[in-house]
2 protein chains.
Amino acid sequence: MRREDSEIVRELPLFRGVELENFRTLIAAGYVQRFPTGTVLIHEGERPDFLHVLVDGQIAFFASHNDREATVSILTPPAAFILAAVIVDGPYLKSARTLSSSTVVLIPAGAVREVFERDTGFARATVAELACRYRTIVKELKNVRLRSSSERLANWILTQASQSGGCGTFRLPFEKRALASRLGMRPENLSRALAELAEAGVTVDGPMIRVGDAAKLIAFSKPNPLIDDPTS
Amino acid sequence: MRREDSEIVRELPLFRGVELENFRTLIAAGYVQRFPTGTVLIHEGERPDFLHVLVDGQIAFFASHNDREATVSILTPPAAFILAAVIVDGPYLKSARTLSSSTVVLIPAGAVREVFERDTGFARATVAELACRYRTIVKELKNVRLRSSSERLANWILTQASQSGGCGTFRLPFEKRALASRLGMRPENLSRALAELAEAGVTVDGPMIRVGDAAKLIAFSKPNPLIDDPTS
DNA sequence: CGTGCCATTGACCATTATCAAACGACGTGG
DNA sequence: CCACGTCGTTTGATAATGGTCAATGGCACG
(Lines give C-alpha, C1' and ligand atoms only; values in the text may rest on other atoms or scores of the structure.)
Protein backbone atom coordinates (compact mmCIF):
# COMPACT_ATOMS: atom_id res chain seq x y z
CA MET A 1 0.00 0.00 0.00
CA ARG A 2 1.26 3.46 -0.83
CA ARG A 3 2.03 5.67 2.13
CA GLU A 4 -0.32 8.20 0.59
CA ASP A 5 -3.27 5.81 0.83
CA SER A 6 -2.57 4.70 4.36
CA GLU A 7 -2.30 8.36 5.38
CA ILE A 8 -5.78 8.98 4.06
CA VAL A 9 -7.07 6.05 6.06
CA ARG A 10 -5.24 7.19 9.17
CA GLU A 11 -6.81 10.64 8.95
CA LEU A 12 -10.36 9.31 8.99
CA PRO A 13 -12.19 9.89 12.27
CA LEU A 14 -12.72 6.16 12.45
CA PHE A 15 -8.97 5.45 12.55
CA ARG A 16 -7.48 8.58 14.07
CA GLY A 17 -7.92 7.29 17.61
CA VAL A 18 -6.51 3.82 16.96
CA GLU A 19 -3.21 3.10 18.68
CA LEU A 20 -0.38 3.34 16.20
CA GLU A 21 0.64 -0.26 16.61
CA ASN A 22 -2.86 -1.52 16.01
CA PHE A 23 -3.26 0.75 13.05
CA ARG A 24 -0.09 -0.70 11.55
CA THR A 25 -1.52 -4.18 12.04
CA LEU A 26 -4.62 -3.22 10.11
CA ILE A 27 -2.68 -1.59 7.31
CA ALA A 28 -0.28 -4.51 7.07
CA ALA A 29 -3.20 -6.89 6.66
CA GLY A 30 -4.92 -4.70 4.13
CA TYR A 31 -4.29 -3.79 0.53
CA VAL A 32 -5.36 -1.33 -2.10
CA GLN A 33 -7.33 -1.98 -5.21
CA ARG A 34 -8.44 0.25 -8.07
CA PHE A 35 -11.73 -0.44 -9.83
CA PRO A 36 -13.05 0.93 -13.12
CA THR A 37 -16.39 2.69 -13.43
CA GLY A 38 -19.39 0.44 -13.05
CA THR A 39 -17.71 -2.31 -11.05
CA VAL A 40 -19.93 -3.99 -8.51
CA LEU A 41 -17.70 -4.25 -5.46
CA ILE A 42 -20.04 -5.97 -3.10
CA HIS A 43 -23.22 -7.93 -3.57
CA GLU A 44 -26.28 -7.75 -1.39
CA GLY A 45 -26.61 -10.94 0.65
CA GLU A 46 -22.96 -11.94 0.69
CA ARG A 47 -20.80 -12.10 3.78
CA PRO A 48 -18.36 -9.32 4.59
CA ASP A 49 -14.74 -10.31 4.17
CA PHE A 50 -13.26 -6.83 4.32
CA LEU A 51 -13.83 -3.44 5.79
CA HIS A 52 -13.62 -1.08 2.83
CA VAL A 53 -12.27 2.44 2.75
CA LEU A 54 -13.02 4.58 -0.27
CA VAL A 55 -9.90 6.63 -0.93
CA ASP A 56 -10.78 8.08 -4.30
CA GLY A 57 -13.74 7.94 -6.67
CA GLN A 58 -17.43 7.50 -5.97
CA ILE A 59 -19.56 4.58 -4.90
CA ALA A 60 -23.31 4.07 -5.06
CA PHE A 61 -25.04 1.70 -2.67
CA PHE A 62 -28.16 0.08 -4.00
CA ALA A 63 -30.54 -2.75 -3.33
CA SER A 64 -32.66 -4.85 -5.66
CA HIS A 65 -35.97 -6.58 -5.21
CA ASN A 66 -38.96 -7.31 -7.41
CA ASP A 67 -37.11 -6.19 -10.54
CA ARG A 68 -36.70 -2.81 -8.95
CA GLU A 69 -33.49 -1.16 -7.89
CA ALA A 70 -33.10 1.62 -5.35
CA THR A 71 -30.04 3.66 -4.54
CA VAL A 72 -29.70 3.97 -0.79
CA SER A 73 -26.76 6.37 -0.68
CA ILE A 74 -23.78 7.64 -2.58
CA LEU A 75 -20.42 7.81 -0.87
CA THR A 76 -17.66 10.32 -1.51
CA PRO A 77 -14.09 9.83 -0.30
CA PRO A 78 -12.57 9.54 2.10
CA ALA A 79 -14.90 7.23 4.01
CA ALA A 80 -15.11 3.73 5.39
CA PHE A 81 -18.04 1.57 4.41
CA ILE A 82 -19.90 -1.61 5.36
CA LEU A 83 -18.66 -1.17 8.91
CA ALA A 84 -21.96 -2.38 10.36
CA ALA A 85 -21.93 -5.61 8.37
CA VAL A 86 -18.35 -6.30 9.48
CA ILE A 87 -19.17 -5.62 13.11
CA VAL A 88 -22.25 -7.83 13.34
CA ASP A 89 -20.79 -10.24 10.78
CA GLY A 90 -24.10 -10.25 8.95
CA PRO A 91 -24.84 -10.31 5.24
CA TYR A 92 -24.53 -7.12 3.18
CA LEU A 93 -27.87 -5.39 2.96
CA LYS A 94 -26.82 -3.36 -0.06
CA SER A 95 -24.71 -3.81 -3.13
CA ALA A 96 -22.06 -1.28 -4.09
CA ARG A 97 -21.00 -0.11 -7.52
CA THR A 98 -18.39 2.43 -8.55
CA LEU A 99 -19.80 5.51 -10.25
CA SER A 100 -16.36 6.55 -11.39
CA SER A 101 -13.05 4.79 -11.29
CA SER A 102 -12.26 4.37 -7.62
CA THR A 103 -9.49 3.22 -5.33
CA VAL A 104 -10.46 1.27 -2.26
CA VAL A 105 -8.48 0.05 0.71
CA LEU A 106 -9.51 -3.41 1.86
CA ILE A 107 -8.90 -4.48 5.44
CA PRO A 108 -9.74 -8.06 6.39
CA ALA A 109 -12.84 -8.24 8.57
CA GLY A 110 -11.13 -10.54 11.06
CA ALA A 111 -8.34 -8.05 11.66
CA VAL A 112 -10.88 -5.29 12.19
CA ARG A 113 -12.80 -7.32 14.73
CA GLU A 114 -9.60 -8.25 16.56
CA VAL A 115 -8.39 -4.69 16.86
CA PHE A 116 -11.88 -3.66 17.80
CA GLU A 117 -11.74 -6.05 20.75
CA ARG A 118 -8.53 -4.70 22.24
CA ASP A 119 -8.38 -1.05 21.18
CA THR A 120 -10.79 1.13 23.08
CA GLY A 121 -9.99 4.12 20.88
CA PHE A 122 -11.13 2.18 17.87
CA ALA A 123 -14.22 0.95 19.68
CA ARG A 124 -15.15 4.50 20.60
CA ALA A 125 -14.61 5.73 17.07
CA THR A 126 -16.72 2.86 15.78
CA VAL A 127 -19.55 3.88 18.05
CA ALA A 128 -19.36 7.47 16.86
CA GLU A 129 -19.25 6.39 13.24
CA LEU A 130 -22.20 4.03 13.56
CA ALA A 131 -24.25 6.57 15.48
CA CYS A 132 -23.67 9.15 12.75
CA ARG A 133 -24.51 6.68 10.02
CA TYR A 134 -27.65 5.71 11.83
CA ARG A 135 -28.72 9.31 12.11
CA THR A 136 -27.94 9.93 8.47
CA ILE A 137 -30.27 7.16 7.41
CA VAL A 138 -33.01 8.31 9.73
CA LYS A 139 -32.75 11.67 8.00
CA GLU A 140 -32.94 9.97 4.63
CA LEU A 141 -36.04 8.06 5.67
CA LYS A 142 -37.63 11.34 6.76
CA ASN A 143 -36.58 12.91 3.46
CA VAL A 144 -38.37 10.18 1.53
CA ARG A 145 -41.48 10.10 3.64
CA LEU A 146 -42.00 13.79 4.29
CA ARG A 147 -41.17 15.39 0.96
CA SER A 148 -42.17 15.15 -2.67
CA SER A 149 -39.54 14.30 -5.23
CA SER A 150 -39.13 17.91 -6.38
CA GLU A 151 -38.68 19.00 -2.79
CA ARG A 152 -35.99 16.38 -2.33
CA LEU A 153 -34.30 17.60 -5.46
CA ALA A 154 -34.53 21.25 -4.41
CA ASN A 155 -33.00 20.52 -1.04
CA TRP A 156 -30.28 18.40 -2.57
CA ILE A 157 -29.37 21.29 -4.84
CA LEU A 158 -29.33 23.66 -1.90
CA THR A 159 -26.90 21.59 0.16
CA GLN A 160 -24.80 20.83 -2.88
CA ALA A 161 -24.57 24.51 -3.77
CA SER A 162 -23.59 25.48 -0.25
CA GLN A 163 -20.90 22.80 -0.14
CA SER A 164 -19.49 23.94 -3.47
CA GLY A 165 -18.45 27.35 -2.23
CA GLY A 166 -20.03 30.75 -2.47
CA CYS A 167 -20.96 31.18 -6.11
CA GLY A 168 -24.30 29.63 -6.88
CA THR A 169 -23.01 27.39 -9.65
CA PHE A 170 -21.78 23.83 -9.38
CA ARG A 171 -21.28 20.76 -11.47
CA LEU A 172 -23.26 17.58 -10.86
CA PRO A 173 -20.85 15.14 -9.21
CA PHE A 174 -22.34 12.20 -11.15
CA GLU A 175 -24.74 11.44 -13.96
CA LYS A 176 -28.31 12.58 -13.73
CA ARG A 177 -29.57 9.01 -13.74
CA ALA A 178 -27.51 8.33 -10.62
CA LEU A 179 -28.86 11.45 -9.00
CA ALA A 180 -32.39 10.42 -9.90
CA SER A 181 -31.94 7.05 -8.24
CA ARG A 182 -30.28 8.66 -5.23
CA LEU A 183 -33.35 10.89 -4.85
CA GLY A 184 -35.77 8.02 -5.33
CA MET A 185 -37.09 9.05 -8.73
CA ARG A 186 -36.87 8.09 -12.39
CA PRO A 187 -34.59 9.95 -14.79
CA GLU A 188 -37.66 11.22 -16.66
CA ASN A 189 -39.03 12.70 -13.48
CA LEU A 190 -35.73 14.31 -12.60
CA SER A 191 -35.77 16.08 -15.95
CA ARG A 192 -39.25 17.38 -15.34
CA ALA A 193 -38.47 18.38 -11.77
CA LEU A 194 -35.38 20.30 -12.89
CA ALA A 195 -37.47 22.09 -15.48
CA GLU A 196 -40.03 22.88 -12.79
CA LEU A 197 -37.33 24.43 -10.60
CA ALA A 198 -36.75 27.11 -13.20
CA GLU A 199 -39.60 28.88 -11.41
CA ALA A 200 -37.40 28.95 -8.32
CA GLY A 201 -34.49 30.43 -10.25
CA VAL A 202 -32.58 27.22 -10.96
CA THR A 203 -31.06 26.95 -14.41
CA VAL A 204 -29.52 23.85 -15.90
CA ASP A 205 -26.94 23.53 -18.63
CA GLY A 206 -25.91 19.94 -19.06
CA PRO A 207 -24.11 19.01 -15.85
CA MET A 208 -23.94 22.60 -14.60
CA ILE A 209 -26.53 23.79 -12.12
CA ARG A 210 -26.98 27.42 -11.27
CA VAL A 211 -28.95 28.71 -8.31
CA GLY A 212 -30.01 32.12 -9.56
CA ASP A 213 -32.07 33.17 -6.56
CA ALA A 214 -31.10 31.44 -3.33
CA ALA A 215 -33.93 33.01 -1.36
CA LYS A 216 -36.52 31.80 -3.81
CA LEU A 217 -35.08 28.28 -3.85
CA ILE A 218 -35.05 28.19 -0.05
CA ALA A 219 -38.67 29.30 0.02
CA PHE A 220 -39.53 26.43 -2.30
CA SER A 221 -37.36 23.84 -0.54
CA LYS A 222 -38.30 24.53 3.05
CA PRO A 223 -35.00 23.05 4.28
CA ASN A 224 -34.97 21.46 7.71
CA PRO A 225 -31.75 20.92 9.66
CA LEU A 226 -33.19 17.73 11.13
CA ILE A 227 -33.30 16.33 7.61
CA ASP A 228 -30.67 18.19 5.65
CA ASP A 229 -27.90 19.15 8.03
CA PRO A 230 -25.24 16.44 7.74
CA THR A 231 -23.56 17.55 10.96
CA SER A 232 -26.54 17.58 13.32
CA MET B 1 -37.01 1.94 40.93
CA ARG B 2 -38.62 -1.43 41.46
CA ARG B 3 -36.25 -4.38 41.36
CA GLU B 4 -38.51 -5.81 38.66
CA ASP B 5 -37.85 -2.87 36.36
CA SER B 6 -34.11 -2.81 36.87
CA GLU B 7 -34.01 -6.54 36.15
CA ILE B 8 -35.65 -5.95 32.81
CA VAL B 9 -33.05 -3.33 32.00
CA ARG B 10 -30.23 -5.58 33.16
CA GLU B 11 -31.40 -8.37 30.87
CA LEU B 12 -31.22 -6.23 27.74
CA PRO B 13 -28.32 -7.08 25.44
CA LEU B 14 -27.20 -3.48 25.78
CA PHE B 15 -26.73 -3.77 29.56
CA ARG B 16 -25.97 -7.45 30.08
CA GLY B 17 -22.26 -6.96 29.55
CA VAL B 18 -21.92 -3.91 31.79
CA GLU B 19 -19.87 -4.46 34.94
CA LEU B 20 -22.18 -4.81 37.90
CA GLU B 21 -20.81 -1.79 39.68
CA ASN B 22 -21.27 0.41 36.65
CA PHE B 23 -24.74 -0.94 36.08
CA ARG B 24 -25.64 -0.01 39.66
CA THR B 25 -24.37 3.49 39.02
CA LEU B 26 -26.65 3.80 36.03
CA ILE B 27 -29.66 2.45 37.87
CA ALA B 28 -29.02 4.63 40.88
CA ALA B 29 -28.98 7.71 38.65
CA GLY B 30 -32.11 6.66 36.80
CA TYR B 31 -35.76 6.49 37.65
CA VAL B 32 -38.99 5.05 36.32
CA GLN B 33 -41.95 6.88 34.96
CA ARG B 34 -45.33 5.76 33.70
CA PHE B 35 -47.06 7.63 30.90
CA PRO B 36 -50.65 7.43 29.70
CA THR B 37 -51.57 6.70 26.08
CA GLY B 38 -50.81 9.49 23.67
CA THR B 39 -48.09 11.20 25.69
CA VAL B 40 -45.32 12.75 23.64
CA LEU B 41 -42.19 11.72 25.51
CA ILE B 42 -39.60 13.38 23.36
CA HIS B 43 -39.76 16.13 20.81
CA GLU B 44 -37.87 16.24 17.56
CA GLY B 45 -35.09 18.83 17.74
CA GLU B 46 -34.61 18.85 21.50
CA ARG B 47 -31.45 17.73 23.24
CA PRO B 48 -31.22 14.31 24.84
CA ASP B 49 -31.19 14.40 28.64
CA PHE B 50 -31.82 10.73 29.22
CA LEU B 51 -31.29 7.35 27.71
CA HIS B 52 -34.74 5.76 27.74
CA VAL B 53 -35.64 2.14 28.22
CA LEU B 54 -39.15 1.02 27.35
CA VAL B 55 -40.13 -1.55 29.96
CA ASP B 56 -43.81 -1.90 29.18
CA GLY B 57 -46.22 -0.49 26.62
CA GLN B 58 -45.65 0.71 23.10
CA ILE B 59 -43.99 3.76 21.59
CA ALA B 60 -44.23 5.23 18.11
CA PHE B 61 -41.41 7.35 16.71
CA PHE B 62 -42.46 9.96 14.23
CA ALA B 63 -41.24 13.08 12.52
CA SER B 64 -43.09 16.11 11.23
CA HIS B 65 -42.42 18.48 8.38
CA ASN B 66 -44.52 20.42 5.90
CA ASP B 67 -47.73 19.61 7.80
CA ARG B 68 -47.01 15.98 7.23
CA GLU B 69 -46.20 13.39 9.83
CA ALA B 70 -44.43 10.10 9.25
CA THR B 71 -43.99 7.21 11.64
CA VAL B 72 -40.43 5.96 11.47
CA SER B 73 -40.77 2.96 13.73
CA ILE B 74 -42.76 1.43 16.54
CA LEU B 75 -40.97 0.01 19.55
CA THR B 76 -42.06 -2.90 21.71
CA PRO B 77 -40.56 -3.62 25.11
CA PRO B 78 -38.09 -4.29 26.38
CA ALA B 79 -35.78 -1.98 24.43
CA ALA B 80 -33.56 1.03 24.87
CA PHE B 81 -34.13 4.03 22.67
CA ILE B 82 -32.52 7.25 21.50
CA LEU B 83 -29.14 5.73 22.15
CA ALA B 84 -27.61 7.37 19.09
CA ALA B 85 -28.72 10.86 20.10
CA VAL B 86 -27.27 10.34 23.59
CA ILE B 87 -23.97 9.08 22.21
CA VAL B 88 -23.37 11.87 19.71
CA ASP B 89 -25.15 14.35 22.00
CA GLY B 90 -27.11 15.62 19.01
CA PRO B 91 -30.73 16.72 18.76
CA TYR B 92 -33.49 14.16 18.57
CA LEU B 93 -34.33 13.42 14.96
CA LYS B 94 -37.71 11.93 15.87
CA SER B 95 -40.44 12.54 18.36
CA ALA B 96 -41.87 9.72 20.44
CA ARG B 97 -45.42 9.14 21.58
CA THR B 98 -46.90 6.34 23.64
CA LEU B 99 -49.40 4.19 21.77
CA SER B 100 -50.57 2.60 24.98
CA SER B 101 -49.84 3.39 28.58
CA SER B 102 -46.14 2.73 29.02
CA THR B 103 -43.48 2.56 31.66
CA VAL B 104 -40.08 3.93 30.82
CA VAL B 105 -36.78 3.89 32.67
CA LEU B 106 -34.86 7.14 32.33
CA ILE B 107 -31.09 7.16 32.75
CA PRO B 108 -29.30 10.52 32.66
CA ALA B 109 -27.34 10.96 29.46
CA GLY B 110 -24.24 12.11 31.33
CA ALA B 111 -24.13 8.92 33.39
CA VAL B 112 -24.47 6.86 30.24
CA ARG B 113 -21.60 8.67 28.55
CA GLU B 114 -19.42 8.32 31.65
CA VAL B 115 -19.96 4.58 31.96
CA PHE B 116 -19.51 4.29 28.24
CA GLU B 117 -16.04 5.81 28.59
CA ARG B 118 -14.76 3.39 31.20
CA ASP B 119 -16.71 0.16 30.62
CA THR B 120 -15.55 -1.73 27.55
CA GLY B 121 -18.40 -4.22 27.90
CA PHE B 122 -20.89 -1.41 27.59
CA ALA B 123 -18.98 0.12 24.69
CA ARG B 124 -19.06 -3.18 22.85
CA ALA B 125 -22.74 -3.67 23.50
CA THR B 126 -23.39 -0.14 22.30
CA VAL B 127 -21.62 -0.90 19.06
CA ALA B 128 -23.68 -4.05 18.56
CA GLU B 129 -26.89 -2.22 19.35
CA LEU B 130 -26.15 0.67 17.01
CA ALA B 131 -25.05 -1.64 14.22
CA CYS B 132 -28.32 -3.58 14.50
CA ARG B 133 -30.37 -0.41 14.60
CA TYR B 134 -28.56 0.87 11.58
CA ARG B 135 -29.25 -2.28 9.66
CA THR B 136 -32.89 -2.24 10.69
CA ILE B 137 -33.35 1.23 9.23
CA VAL B 138 -31.55 0.29 6.04
CA LYS B 139 -34.06 -2.52 5.71
CA GLU B 140 -36.91 -0.11 6.33
CA LEU B 141 -35.59 2.23 3.66
CA LYS B 142 -35.45 -0.69 1.23
CA ASN B 143 -38.97 -1.68 2.26
CA VAL B 144 -40.26 1.78 1.40
CA ARG B 145 -38.38 2.15 -1.84
CA LEU B 146 -38.71 -1.33 -3.27
CA ARG B 147 -42.27 -2.28 -2.44
CA SER B 148 -45.77 -0.98 -2.93
CA SER B 149 -47.88 -0.25 0.10
CA SER B 150 -49.89 -3.49 -0.20
CA GLU B 151 -46.66 -5.45 -0.42
CA ARG B 152 -45.40 -3.76 2.72
CA LEU B 153 -48.65 -4.61 4.43
CA ALA B 154 -48.58 -8.22 3.26
CA ASN B 155 -45.05 -8.70 4.51
CA TRP B 156 -45.85 -7.03 7.80
CA ILE B 157 -48.74 -9.45 8.27
CA LEU B 158 -46.48 -12.37 7.44
CA THR B 159 -43.84 -11.52 10.02
CA GLN B 160 -46.48 -10.62 12.58
CA ALA B 161 -48.26 -13.92 12.05
CA SER B 162 -45.04 -15.91 12.36
CA GLN B 163 -44.13 -14.08 15.57
CA SER B 164 -47.56 -14.74 17.06
CA GLY B 165 -47.14 -18.49 17.18
CA GLY B 166 -48.34 -21.23 14.91
CA CYS B 167 -52.03 -20.54 14.32
CA GLY B 168 -52.56 -18.09 11.51
CA THR B 169 -54.60 -15.67 13.58
CA PHE B 170 -53.37 -12.69 15.55
CA ARG B 171 -54.58 -9.41 16.98
CA LEU B 172 -53.28 -6.11 15.71
CA PRO B 173 -50.95 -4.80 18.41
CA PHE B 174 -52.17 -1.22 17.85
CA GLU B 175 -54.81 0.77 16.04
CA LYS B 176 -55.06 0.55 12.29
CA ARG B 177 -54.23 4.20 11.92
CA ALA B 178 -50.92 3.62 13.70
CA LEU B 179 -50.23 0.63 11.50
CA ALA B 180 -51.00 2.69 8.42
CA SER B 181 -48.52 5.36 9.45
CA ARG B 182 -45.95 2.70 10.35
CA LEU B 183 -46.30 1.32 6.81
CA GLY B 184 -46.16 4.73 5.20
CA MET B 185 -49.76 4.89 4.07
CA ARG B 186 -53.03 6.62 4.93
CA PRO B 187 -55.71 4.84 6.97
CA GLU B 188 -58.01 4.87 3.91
CA ASN B 189 -55.38 3.07 1.89
CA LEU B 190 -54.77 0.53 4.61
CA SER B 191 -58.47 -0.35 4.55
CA ARG B 192 -58.40 -0.86 0.82
CA ALA B 193 -55.16 -2.81 0.95
CA LEU B 194 -56.57 -5.13 3.62
CA ALA B 195 -59.64 -5.69 1.47
CA GLU B 196 -57.38 -6.43 -1.48
CA LEU B 197 -55.50 -9.05 0.54
CA ALA B 198 -58.67 -11.12 0.77
CA GLU B 199 -57.55 -12.51 -2.59
CA ALA B 200 -54.46 -13.82 -0.82
CA GLY B 201 -56.54 -15.51 1.86
CA VAL B 202 -56.32 -12.78 4.52
CA THR B 203 -59.52 -12.10 6.44
CA VAL B 204 -60.09 -9.24 8.81
CA ASP B 205 -62.51 -8.95 11.69
CA GLY B 206 -61.95 -5.74 13.58
CA PRO B 207 -58.52 -6.06 15.15
CA MET B 208 -58.21 -9.75 14.34
CA ILE B 209 -56.24 -10.81 11.28
CA ARG B 210 -56.38 -14.31 9.91
CA VAL B 211 -53.96 -15.71 7.39
CA GLY B 212 -56.08 -18.36 5.72
CA ASP B 213 -53.54 -19.54 3.16
CA ALA B 214 -49.93 -18.89 4.13
CA ALA B 215 -48.57 -20.13 0.81
CA LYS B 216 -50.79 -17.78 -1.13
CA LEU B 217 -49.84 -14.82 1.06
CA ILE B 218 -46.16 -15.64 0.67
CA ALA B 219 -46.57 -15.79 -3.09
CA PHE B 220 -48.12 -12.36 -3.01
CA SER B 221 -45.65 -10.85 -0.52
CA LYS B 222 -42.40 -12.10 -2.00
CA PRO B 223 -40.66 -11.81 1.39
CA ASN B 224 -36.94 -11.11 1.37
CA PRO B 225 -34.74 -11.86 4.37
CA LEU B 226 -32.59 -8.85 3.54
CA ILE B 227 -35.65 -6.68 4.17
CA ASP B 228 -37.87 -8.65 6.51
CA ASP B 229 -35.65 -10.79 8.69
CA PRO B 230 -35.11 -8.85 11.92
CA THR B 231 -32.17 -11.07 12.90
CA SER B 232 -30.07 -10.89 9.75
C1' DC C 1 -19.70 7.93 -39.55
C1' DG C 2 -22.33 4.78 -37.27
C1' DT C 3 -23.64 2.94 -32.69
C1' DG C 4 -24.99 3.23 -28.15
C1' DC C 5 -26.17 5.59 -24.17
C1' DC C 6 -27.93 9.49 -21.70
C1' DA C 7 -31.18 13.05 -21.37
C1' DT C 8 -35.44 15.04 -22.62
C1' DT C 9 -40.29 15.32 -23.96
C1' DG C 10 -45.01 13.81 -24.58
C1' DA C 11 -48.81 10.68 -23.82
C1' DC C 12 -50.70 7.58 -20.84
C1' DC C 13 -51.23 4.58 -16.70
C1' DA C 14 -50.74 3.05 -11.73
C1' DT C 15 -50.47 4.13 -7.20
C1' DT C 16 -51.48 6.79 -3.50
C1' DA C 17 -53.45 10.97 -1.37
C1' DT C 18 -57.35 13.85 -0.51
C1' DC C 19 -62.02 14.99 0.32
C1' DA C 20 -66.48 13.69 1.72
C1' DA C 21 -69.82 10.91 3.72
C1' DA C 22 -71.57 7.25 6.44
C1' DC C 23 -71.28 3.55 9.76
C1' DG C 24 -70.43 1.51 14.20
C1' DA C 25 -68.31 1.20 18.76
C1' DC C 26 -67.93 3.52 22.85
C1' DG C 27 -68.55 6.59 26.62
C1' DT C 28 -71.00 10.58 28.69
C1' DG C 29 -74.68 12.95 30.45
C1' DG C 30 -79.51 13.82 30.62
C1' DC D 1 -82.01 3.59 29.62
C1' DC D 2 -81.50 6.21 25.83
C1' DA D 3 -79.83 10.26 23.15
C1' DC D 4 -75.82 12.22 21.71
C1' DG D 5 -71.10 13.17 20.45
C1' DT D 6 -66.63 11.53 19.44
C1' DC D 7 -63.52 8.87 17.13
C1' DG D 8 -61.79 5.18 14.30
C1' DT D 9 -62.84 2.83 10.25
C1' DT D 10 -64.74 2.08 5.80
C1' DT D 11 -66.34 3.34 1.20
C1' DG D 12 -66.76 6.17 -2.86
C1' DA D 13 -65.37 9.91 -5.93
C1' DT D 14 -61.65 12.65 -7.47
C1' DA D 15 -56.97 14.67 -7.72
C1' DA D 16 -52.01 14.58 -7.50
C1' DT D 17 -47.84 12.37 -7.81
C1' DG D 18 -44.86 9.53 -9.88
C1' DG D 19 -43.97 5.54 -13.12
C1' DT D 20 -44.06 3.48 -17.83
C1' DC D 21 -43.66 3.51 -22.69
C1' DA D 22 -42.20 5.51 -26.83
C1' DA D 23 -39.84 8.72 -29.70
C1' DT D 24 -36.25 12.11 -30.39
C1' DG D 25 -31.96 14.66 -30.08
C1' DG D 26 -27.25 15.12 -28.52
C1' DC D 27 -22.85 13.49 -27.47
C1' DA D 28 -18.98 10.37 -26.90
C1' DC D 29 -16.51 6.65 -28.53
C1' DG D 30 -15.00 3.28 -31.54
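A note on names: the letters A, B, ... follow the listed sequences, proteins ahead of strands, and every chain is numbered from 1. Bear in mind that the values here come from a model prediction, so they are computed numbers and not experimental data. Computation of the quantities below employed the complete heavy-atom set of this structure, encompassing side-chain atoms and omitting hydrogens, waters and symmetry-equivalent molecules.
At whole-Å resolution of the value, CZ in A:Arg177 and C1' in C:dG4 are 12 Å apart. Whole-Å rounding puts the B:Phe174 CZ to D:dT9 P distance at 12 Å. In this structure, A:Glu175 atom CD and C:dC5 atom C1' are separated by 9 Å, rounded to whole Å. In this structure, A:Glu196 places its CD atom 16 Å from C1' of C:dT8, rounding to the nearest Å. Per the geometry, NZ belonging to B:Lys176 stands 14 Å off C1' belonging to D:dC7, to the nearest Å. Following rounding to the nearest Å, B:Arg145 (CZ) and C:dT15 (P) show an atom-to-atom distance of 18 Å. Rounded to an integer number of Å, the gap from CG of A:Asp205 to P of C:dA7 is 14 Å. Rounding to whole angstrom units, CD of residue B:Glu69 and P of C:dT18 are separated by 13 Å.
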Run A:Tyr92 and A:Phe61 through ring-ring contact (aromatic ring centres under 6.0 Å, His included) and show every step you take. CA-CA 11 Å; A:Tyr92 298 135; A:Phe61 294 91; 9.5 Å; no

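Side chains of B:Leu83 and A:Tyr134 form no contact here, defined as non-hydrogen atoms less than 4.5 Å apart.
Applying the side-chain hydrogen bond (donor to acceptor under 3.5 Å, both in side chains) test between B:Asn143 and each of B:Arg145, B:Lys139, B:Arg147 identifies B:Arg147 as the sole match. Partner of B:Glu140 under the salt bridge (charged side-chain N to carboxylate O under 4.0 Å, His left out) criterion, chosen from B:Arg135, B:Arg182, B:Arg152: B:Arg182.
Within 6.0 Å of CD on B:Glu199 lie no more than 12 heavy atoms contributed by other residues, nucleotides or ligands.
Counting only distance, with no hydrogens or angles, the side chain of B:Ser95 and the backbone of B:Glu44 share a donor-acceptor pair below 3.5 Å.
An angle of 30°, rounded to 10°, separates the two end axes of the helix from C:dC1-D:dG30 to C:dG30-D:dC1, each defined over five pairs.
For the atom pair CG of A:Leu194 and CG of A:Leu179, the computed distance is 7.5 Å after rounding to the nearest 0.5 Å.
Between A:Glu188 and A:Arg192 there is no salt bridge, since no side-chain N of the basic residue sits under 4.0 Å from a carboxylate O of the acidic one.
Closest non-hydrogen pair, B:Thr37 versus B:Leu99, comes out as CG2-O, 3.4 Å.
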In the 5'-to-3' direction, what one-character label does each nucleotide of nucleotides 16-23 of chain D receive under the scheme B = base within less than 4.0 Å of a protein heavy atom, S = sugar-phosphate only, - = no such atom? --SBBB--

